[in-house]
Participant: 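I have a structure here, written as structure tokens, and I will follow up with some questions on it.
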Amino acid sequence: MAESKYTQATEWPYPVNYGKENEDAADVLVLGGGIAGCHAAISAAKRGAKVIVVDKGAVIRSGLGGTGVDHWHLACTNPCSKITPEEMVGLLKKFGDYFYLEFGNGITGYITCKESYDALLDCEKTGVKVRDVDDEFVGAPFRDEKTKLMFAYDYENKYCIRVNGGANIKVALYNELKRLGAKIYDHVMATSLLTEGGKQGARVVGATGVNARTGEFYIFKAKSTVLSTGAPAGLWIFSTELAGATLFQEPNLTGEGTAMAWQAGAELTMLERSSAMIASGGFSYPMYGTGNAHNTWYACTIVDANGKEIPWVDRDGKILKTVSERYRPAPGQKTFFYGRMSPSYELWGPTIIPDLPERIMKGEFKLPLYADLPSMPEHERRAIWGLMIGHEGKTRIPIYDRYTKAGFDPDKDMLQANVMPPEQYVFSAWWGSFGPRQWRTGGFAAGGGLAFDWDLKTSLEGLYVAGMTTFAGGDHSVAACSGRYAARKAVKYAQIAGKPVIERKQVDKEKARVYAPVTRKDGVGWKELRAGLCRIMQDYCGEYKSEETLKTGLRWFNSIRESEASMAYARNPHELERTLECLTHITVGEIVMHASLARKASSMPLEFKRLDYPEMDPPEWNKFVTIRLENEDVKVGELPFNYWLLPPNAPTYEENYQKHCDL
Amino acid sequence: MYNKAYMVSNPMTPNQAVFISPEFCNGCNTCVDVCRSDVLVPNPEKGKPPIVLYPDECWFGGCCVAHCPVPGAIRMEHPLNQRAGWKRKETGEYFRIGMKNPPPPNTRPPVG
């Protein structure tokens, strides 16, 4: 019972000063210090701007990408790439009109194609190992002998770079921030945007925040602001009982950025998108932590319980006889994205037989399945278990370190895949099993968020957006590139912008909201509140929605806001932070329901099903539906597909990029 | 038999997530400061190992372990419902994270 003395009431270990005000001012305020935020802050500081970074966690490791990166996408300008940015954005377009999967959209995707390699070189300059400088992979087919760069997936076209020092990339970015003199506020959660005159829809002039350790209050004044707080997660399912290591989304991503931008009057889009949740709590295993052949494990040989190999096939279903063929495009194909992630045959890549579920059902392959690392060529085995597992997010300690300490040896051992209903083997990220259908997620990367233009500027003056806070965010490279680009625009705006003036009434109102939970002793605690809010999302905004369910959901959210949420208590600054996240949860839930009401049609790419409008993607709804608040009223608008190439924008990517990029 | 019992709240799920060895920990609180979710807080007694206050909020990213200056002072354990298994190809032996009498550690470091 050694720890029992701390389960009793022990005084909070940090000095508590609820409501104490701290003020600071910057040219560029960066809210959210993850990958996008760090690149934004570095880029702004290099241009001479006074920069403040505010983060809920500790910037040295915070954010979804804070634990590492193993492969760097869209590095089309690296000296070995056989695909140009123009060609690549043409291919990405085949993912659809709403978003390009983990590669952003027309704007962020193209910016990344242009700057991804430069962003990686910037990281290399800060001390991140990018190349095979130790010559461990000499002669491997994925290594370029001259540059020592190593590539993933398509060994022919060489635009995705393996990063063999990615586990420490965030530490390097953090050190660079310190070196450049950016001011970092760790453990401070931004709670609201401040606007000129306190008006909805006016210029953003700063933000408020609260410290999760001391409870102190912060007022940040800024000429321009970059919002990079990530995308809302945990709206449909929140379970500390079950999730643990399986949670893909960082648990601090509750959507403060989205909620505060909404309150400030910013235009949002695509928040109606949801998808069935994979890698969901309780039914899954740690990310990358079971046998599979996806992503970081591409293209591992898989065998069944009796050692029988599961075949790999090309896009036409032709069996691939050698391992090396799994890393090449089909004859006549330009390039591929692994498996069949793209709706377009043109981009389909080598995959494990797509009819594996049926063949398991028929008894041809016996569960459990195993990742047969010992049978892989030495360089591929070492690349999967050593380079990729070892540097990808949440792999260095939880997988590489923990498993090898427990005796796992990739030269001898086959890691078991989790045993799931056969139909779930159709998607090869087997560590993540599907939960009940009511459990939805905003979808990886493009889960909806702030609308933006070629300046990565939002509809609000002085507010720029980067990373997953955009409506079409993406992976590590998209976060990095959108961050540095948004900051260039934010700096330029700060140079011409007038002095930011804070409206005291707006601050006072926010302070009253923020500290209400610490004045209460009874009522509901944050965990039960969070689970109750998830129930509203599951029931009224689940896989199938209608006008009636959505309006009922909004009614119950409002009821909870007036009742249980207005009695929620917080016994220390940490609980205060979590309780405030519940209030964010209500706001974001309402936003998702308003967005869902605004789209009166079902849509396949958005995985959006309206019972009252069952027709999928009727032509008149092929557009982005936008919502924003004006004098607290919801205003619905729209943006056409490809708006980035329509007037007032130029008709080509390169013209728009050159006009806006500020390089 | 030790006939003393306490009225305490139920254990957390997961129970602990990270384990700190009082023998090796020097109380530097580096793990406390790199944790994104404040799973760990400083010990009220200076120089003593941090307290694992909120194991239920752990994301299992392992940053606390990665930054610990003393090898072996802190370790992360996956929740019991998330421990993987494997099979040795040549011998057909089965292993799992958390098993009794595990095989000797594989000491090969990662690339880079």
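Throughout, protein chains are lettered first and strands after them, A, B, ... in sequence-line order, and every chain is numbered starting at 1.
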Participant: With a 3.5 Å distance limit and no angle check, can you tell me whether A/Arg61 reaches the backbone of B/Arg36 through a side-chain donor-acceptor pair?
Facilitator: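 Checked: no pair found.
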Participant: Any side-chain heavy atom of B/Glu90 within less than 4.5 Å of one from A/Pro374?
Facilitator: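 Side chain of B/Glu90 against side chain of A/Pro374, heavy atoms only: no contact under 4.5 Å found.
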Participant: Could you check if a side-chain atom of A/Arg402 sits within less than 4.5 angstrom of a side-chain atom of B/Glu77, using non-hydrogen atoms only?
Facilitator: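 They are in contact (side-chain heavy atoms under 4.5 Å apart), so the answer is yes.
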Participant: Quick check: closest heavy atoms across B/Ala84 and A/Gly289, and the distance to 0.1 Å?
Facilitator: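 It is CB-O, 3.4 Å.
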Participant: Side chain, backbone, both or neither: which part of A/Asp55 has a heavy atom under 4.5 Å from chain B?
Facilitator: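 When you check distances to chain B, no heavy atom of A/Asp55 falls under 4.5 Å.
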Participant: With a 4.5 Å heavy-atom cut-off, do A/Lys527 and B/Asp56 have their side chains touching?
Facilitator: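 With C-beta onward as the side chain, the pair touches.
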Participant: Is chain A contacted by the side chain of B/Pro55, its backbone, both, or neither, given a heavy-atom distance below 4.5 Å?
Facilitator: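 Neither part; nothing is under 4.5 Å.
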Participant: Please round to the nearest 0.5 Å and tell me the distance separating atom CG of A/Asp411 and atom CZ of B/Arg108.
Facilitator: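 A/Asp411 CG to B/Arg108 CZ: 6.5 Å, rounded to 0.5 Å.
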Participant: How many angstroms lie between CG in B/Asp38 and CZ in A/Arg213, if you round to the nearest 0.5 Å?
Facilitator: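 So the gap between those two atoms works out to 4.5 Å.
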Participant: Go through B/Cys64, B/Pro42, B/Cys58, B/Gly92 and name the one with the most non-hydrogen pairs under 4.5 angstrom from chain A.
Facilitator: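 Top count of heavy-atom pairs under 4.5 Å with chain A: B/Pro42.
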Participant: Any heavy-atom pair between the side chains of B/Lys87 and A/Val303 that's under 4.5 Å?
Facilitator: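 SC-SC contact between A/Val303 and B/Lys87 ruled out.
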Participant: Mind checking whether A/Lys394 and B/Trp59 have side chains closer than 4.5 Å, heavy atoms only?
Facilitator: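 A side-chain contact under 4.5 Å exists here.
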Participant: Counting heavy-atom pairs closer than 4.5 Å to chain B, which one of A/Thr404, A/Asn164, A/Leu415 comes out on top?
Facilitator: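 Ranked by heavy-atom pairs under 4.5 Å with chain B, first place is A/Thr404.
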Participant: Is A/Lys412 close to chain B through its backbone or its side chain, or both, or neither, when contacts mean heavy atoms under 4.5 Å?
Facilitator: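 Both parts, heavy atoms under 4.5 Å.
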Participant: First locate atom CG of A/Asn572, then atom CG of B/Leu53, and finally report the distance between them rounded to the nearest 0.5 Å.
Facilitator: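 One finds 7.5 Å between CG of A/Asn572 and CG of B/Leu53.
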Participant: Check whether any side-chain heavy atom of B/Glu57 sits under 4.5 Å from a side-chain heavy atom of A/Arg578, and report yes or no.
Facilitator: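 Heavy-atom side-chain distance check passes, below 4.5 Å.
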Participant: Starting at CD1 of B/Ile97, measure out to CD1 of A/Ile399 and round the result to the nearest 0.5 Å.
Facilitator: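 The CD1 atom of B/Ile97 sits 8.0 Å away from the CD1 atom of A/Ile399.
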Participant: If every non-hydrogen atom of A/Ile397 is compared with every non-hydrogen atom of B/Gly62, which pair is closest and at what distance?
Facilitator: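 Minimum heavy-atom separation between A/Ile397 and B/Gly62: CG1-O, 3.3 Å.
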Participant: Could you state the interatomic distance from CD (B/Gln82) to OG1 (A/Thr290), rounded to the nearest 0.5 Å?
Facilitator: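 With rounding to 0.5 Å, CD (B/Gln82) is 11.5 Å from OG1 (A/Thr290).
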Participant: Please classify the contact of A/Glu11 with chain B as side chain, backbone, both or neither, using a heavy-atom distance under 4.5 Å.
Facilitator: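 A/Glu11 has no heavy atom closer than 4.5 Å to chain B.
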Participant: Of the backbone (N, CA, C, O) and the side chain (C-beta and beyond), which part of A/Leu387 lies under 4.5 Å from a heavy atom of chain B, both, or neither?
Facilitator: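 When you check distances to chain B, atoms from both the backbone and side chain of A/Leu387 fall under 4.5 Å.
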Participant: Please classify the contact of B/Arg75 with chain A as side chain, backbone, both or neither, using a heavy-atom distance under 4.5 Å.
Facilitator: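 Neither part, no heavy atoms under 4.5 Å.
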Participant: Restricting to non-hydrogen atoms, name the atom on B/Asp33 and the atom on A/His187 that form the minimum distance, rounded to 0.1 Å.
Facilitator: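 Heavy atoms of B/Asp33 and A/His187 come nearest at O-NE2, 4.0 Å.
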Participant: What part of A/Asp409 gets within 4.5 angstrom of chain B, counting heavy atoms only: side chain, backbone, both, or neither?
Facilitator: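 Its backbone and side chain both get close to chain B.
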Participant: Using a 4.5 Å cut-off on heavy atoms from C-beta on, say whether the side chain of B/Met12 contacts that of A/Thr240.
Facilitator: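 A side-chain contact under 4.5 Å is absent here.
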Participant: Could you tell me which portion of B/Val39 (side chain, backbone, both or neither) has an atom closer than 4.5 angstrom to a non-hydrogen atom of chain A?
Facilitator: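 Nothing of B/Val39, per the 4.5 Å heavy-atom cut-off to chain A.
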Participant: Which one of A/Asp186, A/Asp401, A/Asp372 has the most heavy-atom pairs closer than 4.5 Å to chain B?
Facilitator: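 Of the candidates given, the most pairs with chain B belong to A/Asp372.
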Participant: Less than 4.5 Å to any heavy atom of chain B: does that hold for the side chain of A/Val133, its backbone, both, or neither?
Facilitator: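 Neither part.
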Participant: Can you tell me which portion of A/Tyr14 sits under 4.5 Å from chain B's heavy atoms? Options are side chain, backbone, both or neither.
Facilitator: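 Only the side chain of A/Tyr14 comes within 4.5 Å of chain B.
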Participant: Angle between ring planes, A/Phe408 versus B/Trp86, binned at 30° and 60°: parallel, tilted or perpendicular?
Facilitator: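 The rings of A/Phe408 and B/Trp86 stand perpendicular, inter-plane angle above 60°.
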Participant: Considering all heavy atoms of both residues, which atom of B/His67 and which atom of A/Val171 are nearest to each other, and what is their separation?
Facilitator: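 Shortest heavy-atom contact: CE1-CG2, 3.7 Å.
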Participant: What part of B/Ser37 gets within 4.5 angstrom of chain A, counting heavy atoms only: side chain, backbone, both, or neither?
Facilitator: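 Both parts, backbone and side chain.
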